[in-house]
Amino acid sequence: MLKLSSINLLLRIITLGSKFLLIMSMTRLLAPAEVGIYGVLSTTIGLSIYIVGMDFYVFNTREILSSKSKDKELFIRDQFLFHIFSYVIFLPILIILFILNIIPVKYAFIFYVLLVLEHLSQEFNRVFITLSKPIVANVTLFFRSGAWAYAAMILFFISDDTHNLWTVLMGWVSGVLFSVLLSIYYLKDLNWYIVKNKKVNWKWVKRGVVVSFPLFVGNIALKLAEYLDRYFITFYKGKALVGAYTFYGSLSNLLVIFAQTGVIMILGPKVIRNFQSGDYKIYKIQMKKMTSGVIISTIFISLALAIGIIPITKLIGKPIYANHLSAYWTLIGAYAFSVLALLPHQTLYVRFKDKAIIVSSLISLGVSLLLNILLVPKFGLIGGATSTFGAFFTLFILKLLFAIKYKNVREPIEKN
């Protein structure tokens, strides 16, 4: 596990290094308003991915990992056919983003291209994780999120004419497109011959939608709880300040990424499989490893991020990024609780306690909405950060209480 985790962590560090250097380059070379547009654009794409995906992968992951599951190729095919229908339904609805000028209309086309490609790449990534291929998942993730960023930075320093948001967006499209093509290549080794003579199991797809929809509601609520602050700051304080907040959020989110890559991606599928197969002793051992790994990484990375921001802001050399560090440090605390909430989440997930997960997410969204309404107009960035802290702290406490309540439940609820 340690060797595999180290390889995955190395791949992710290279990817994270590119994203870190890119946001540093953007803060130095682009206007804060352009960084703000990038933040709103990337945030909205992240939320929209949940809408078009409807968390169908949650159902499919359990199906593939089930001991009775032998036809994973059929499950994968039918899932992606479902996504095609979701595109037809949801993509036209998202035009409201441009009608309300949440995103400037000149970015409409590239928004849709990035949304579809990012969603496909993410679903492929989840398939690789489910199939216990974390290295493949991180290789494709590198091209999706890392390689193109290095290319964009090279262009930044070759010519002053590239110092604009379009350089970043075109690089983003190129990287995620290559990631999708590479994912298709890696999937070619599966036994696709069994798919040829099998019809699409629309009954299974319908059951997947019914099972996944409640979790979709919970997860979209969770993402809204995380990102509402950026929309409130954009509305009340403008795109320049949301650019600074995007910078803070990008750094703070490293907590989540390191925990998911170094620990959750490795042990998550094993935890699910061992619990579902009744190997509770091994399940407890894996959960202890996951808990210690998540806690240790959270402590050390939080300290590094909190201390490292001082020289970083001096290097950037723009006061807007140094004048609101209290908001940044508050966001680190917020994302730390977001990471810790992943532990009781696993306990609930393997026991099919979806209702507890959904209730926790919805209450957290309510806390986020209320605090953003009360705090952002008056306090700006620190108000937004405090709102996110309150939401994630609430999420952690609620999931922990539910996990304690159901810790002795060993048999998962039968799927409908």
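Just so you know, residue 1 is the first one in the sequence shown, and it goes up from there. Worth saying up front: this structure is predicted, and the values here are computed from it rather than measured.
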Trainee: Does the pair E63/R207 count as a salt bridge with the N-to-O cut at 4.0 Å?
Mentor: yes
Trainee: State whether Y185 and K188 meet the cation-pi test: NZ (Lys) or CZ (Arg) under 6.0 Å from the six-membered ring centroid, and within 45° of the perpendicular axis.
Mentor: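 Relative to the ring axis of Y185, which defines the angle, K188 lies inside both limits.
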Trainee: Are side-chain heavy atoms of K237 and V242 found at a separation under 4.5 Å?
Mentor: no
Trainee: Return yes if some donor-acceptor pair links the side-chain N/O of T61 with the main-chain N/O of Y57 below 3.5 Å, else return no.
Mentor: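 Side chain of T61 to backbone of Y57: a pair is present.
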Trainee: Without swapping roles, check the side chain of T27 against the backbone of M24 for a donor-acceptor pair under 3.5 Å.
Mentor: yes
Trainee: Is the shortest side-chain heavy-atom distance between F156 and L22 below 4.5 Å?
Mentor: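 The answer is yes; the side chains approach within 4.5 Å.
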Trainee: For the residue pair L131 and L190, establish whether any side-chain heavy-atom pair is separated by less than 4.5 Å.
Mentor: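 A side-chain contact exists here, since the closest heavy-atom pair is under 4.5 Å.
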Trainee: Any donor-acceptor pair under 3.5 Å linking the side chain of S86 with the backbone of H83?
Mentor: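 Checked: pair present.
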Trainee: Looking only at heavy atoms, what is the nearest atom pair of I103 and F98, with distance?
Mentor: O-CD2, 3.4 Å
Trainee: Could you go step by step and tell me if F389 and W329 meet the ring pair (Phe, Tyr, Trp, His ring centres under 6.0 Å) rule?
Mentor: CA-CA 10 Å; F389 183 95; W329 288 317; over 10 Å; no
Trainee: Please name all residues satisfying side-chain hydrogen bond (donor to acceptor under 3.5 Å, both in side chains) with D78, sequence neighbours left out, ordered by chain then number.
Mentor: none
Trainee: A side-chain contact here means heavy atoms from C-beta on lying under 4.5 Å apart; do T347 and L343 qualify?
Mentor: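 Not in contact.
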Trainee: How are the rings of F80 and F124 set relative to one another: parallel (under 30°), tilted (30 to 60°) or perpendicular (over 60°)?
Mentor: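 Because their plane-to-plane angle is under 30°, the rings of F80 and F124 count as parallel.
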Trainee: Does NZ or CZ of K133 lie under 6.0 Å from the centre of the six-membered ring of F128, at an angle within 45° of the ring axis?
Mentor: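 Cation-pi check for K133 and F128: fails.
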Trainee: Checking side chain to side chain contact (heavy atoms under 4.5 Å, CB included) for the pair E226/L222: CA distance, chi angles, key distance, verdict?
Mentor: CA-CA 6 Å; E226 179 179 358; L222 180 59; 5.9 Å; no
Trainee: So, S145 side chain and F142 main chain: donor-acceptor pair closer than 3.5 Å or not?
Mentor: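 No.
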Trainee: I need the single residue from T44, L94, I51 that forms a side chain to side chain contact (heavy atoms under 4.5 Å, CB included) with L115. Which is it?
Mentor: L94
Trainee: Less than 4.0 Å between a side-chain N and a carboxylate O, is that true for E34 and K239?
Mentor: no
Trainee: What distance separates M287 CE from N274 CG, expressed to the nearest 0.5 Å?
Mentor: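 Here the interatomic distance stands at 11.5 Å.
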Trainee: CE/M54 to CD1/I89 distance, rounded to the nearest 0.5 angstrom?
Mentor: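 Output value for this atom pair is 8.0 Å.
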Trainee: Write down the atom of N253, the atom of Y335, and the distance for their closest heavy-atom approach.
Mentor: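 Scanning both residues, the minimum pair turns out to be OD1-CE2, 3.6 Å.
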Trainee: So among F56, Y87, Y50, which one has a ring pair (Phe, Tyr, Trp, His ring centres under 6.0 Å) with H119?
Mentor: Y87
Trainee: Among all residues two or more places apart in sequence or in another chain, which pass the ring-ring contact (aromatic ring centres under 6.0 Å, His included) test with F143?
Mentor: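 Checked F143 against ring-ring contact (aromatic ring centres under 6.0 Å, His included); matches are F178.
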Trainee: Mark yes or no for whether S360, through its side chain, and L395, through its backbone, hold a donor-acceptor pair below 3.5 Å.
Mentor: no
Trainee: Donor-acceptor pair, distance only, cut-off 3.5 Å: does the side chain of T167 make one with the backbone of H163?
Mentor: no
Trainee: Nearest 0.5 Å please: distance from the CG atom of L340 over to the OG1 atom of T298.
Mentor: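 That separation rounds to 5.0 Å.
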Trainee: T330 and side chain to side chain contact (heavy atoms under 4.5 Å, CB included): which partner among T388, T386, L325?
Mentor: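 With T330 as partner, side chain to side chain contact (heavy atoms under 4.5 Å, CB included) holds for just one option, T386.
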Trainee: Taking the six-membered ring for Trp, are W204 and F59 parallel (under 30°), tilted (30 to 60°) or perpendicular (over 60°)?
Mentor: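 Tilted, since the angle between the ring planes falls between 30° and 60°.
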Trainee: Examine distances only and state if a side-chain atom of W148 and a backbone atom of V173 form a donor-acceptor pair shorter than 3.5 Å.
Mentor: no
Trainee: Side chain to side chain contact (heavy atoms under 4.5 Å, CB included) between L241 and T234: does it pass, once the steps are laid out?
Mentor: CA-CA 8 Å; L241 277 180; T234 300; over 6 Å; no
Trainee: Tell me if the CG atom of L81 is crowded by more than 12 foreign heavy atoms within 6.0 Å.
Mentor: yes
Trainee: Please check: side-chain N/O of W192 versus main-chain N/O of L187, any donor-acceptor pairing under 3.5 Å?
Mentor: yes
Trainee: Does the side chain to side chain donor-acceptor pair (under 3.5 Å) test come out yes or no for N191 and E73, once each step is laid out?
Mentor: CA-CA 7 Å; N191 184 22; E73 293 83 2; 5.3 Å; no
Trainee: Just by modelled atom types, is the P214 backbone N or O under 3.5 Å from a matching donor or acceptor in the K355 side chain?
Mentor: no
Trainee: On a heavy-atom basis, which atom in Y112 and which in L91 lie closest, and how many Å separate them?
Mentor: OH-O, 2.9 Å
Trainee: Evaluate side chain to side chain contact (heavy atoms under 4.5 Å, CB included) for K353 paired with K405, printing each intermediate quantity in order.
Mentor: CA-CA 11 Å; K353 297 299 180 181; K405 178 180 179 180; over 6 Å; no
Trainee: Measuring from atom OH of Y236 to atom CG of L375, what distance do you get when rounded to the nearest 0.5 angstrom?
Mentor: 11.5 Å
Trainee: Between the main-chain N or O of I272 and the side-chain N or O of Y283, is there a donor-acceptor pair closer than 3.5 Å?
Mentor: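 No, the answer is negative, given that no donor and acceptor are paired below the 3.5 Å cut-off.
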Trainee: Stepwise, does the side chain to side chain contact (heavy atoms under 4.5 Å, CB included) test hold for V217 with L362?
Mentor: CA-CA 8 Å; V217 172; L362 288 173; 4.1 Å; yes
Trainee: If every non-hydrogen atom of G53 is compared with every non-hydrogen atom of F82, which pair is closest and at what distance?
Mentor: O-CE2, 4.0 Å
Trainee: Give a yes/no verdict on a cation-pi contact between R351 and Y406, requiring under 6.0 Å between NZ or CZ and the six-membered ring centre and an angle within 45° of the axis.
Mentor: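 No, cation not above the ring by the 6.0 Å, 45° rule.
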Trainee: So F393 and F337, would you call those rings parallel, tilted or perpendicular, with 30° and 60° as cut-offs?
Mentor: perpendicular
Trainee: Checking S387 against S368 for the side chain to side chain donor-acceptor pair (under 3.5 Å) test, could you report, in this order, the C-alpha distance in whole Å, the side-chain angles of both residues, the deciding distance, and whether it holds?
Mentor: CA-CA 5 Å; S387 301; S368 176; 6.0 Å; no
Trainee: Rounded at 0.5 Å granularity, tell me how far CG in L155 sits from OH in Y150.
Mentor: 15.0 Å
Trainee: Grab the two heavy atoms, one from N125 and one from A137, that are nearest each other, plus how far apart they are.
Mentor: ND2-O, 2.8 Å
Trainee: With heavy-atom distances below 4.5 Å as the criterion, would you say the side chains of P32 and F247 are in contact?
Mentor: no
Trainee: Compare every heavy atom of S42 with every heavy atom of G39, then report the nearest pair and how far apart it is.
Mentor: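 Taking G39 first and S42 second, the nearest heavy atoms are O-OG, 3.1 Å.
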Trainee: Got a second to check how far Y321's OH is from I309's CD1, nearest 0.5 Å?
Mentor: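 So the gap between those two atoms works out to 11.5 Å.
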Trainee: If the plane angle is over 60° it's perpendicular, under 30° parallel, otherwise tilted; pick one for Y245 and Y248.
Mentor: perpendicular
Trainee: Does a sphere of radius 6.0 Å around CG in L100 hold more than 12 heavy atoms from other residues, nucleotides or ligands, not counting ones at 6.0 Å or beyond?
Mentor: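 Yes, the 6.0 Å shell around CG holds more than 12 heavy atoms from other groups.
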Trainee: Give the ring-plane orientation class for Y280 versus F275, where under 30° counts as parallel, over 60° as perpendicular and anything between as tilted.
Mentor: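 Answer is perpendicular, since the angle exceeds 60°.
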Trainee: How about L381 and Y328: do any of their side-chain heavy atoms sit closer than 4.5 Å?
Mentor: no
Trainee: Taking the side chain as C-beta and beyond, is there a heavy-atom pair between W172 and I45 under 4.5 Å?
Mentor: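 A side-chain contact under 4.5 Å exists here.
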Trainee: Looking at side-chain heavy atoms only, is the closest gap between I64 and I76 below 4.5 Å?
Mentor: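 Touching, per the 4.5 Å side-chain cut-off.
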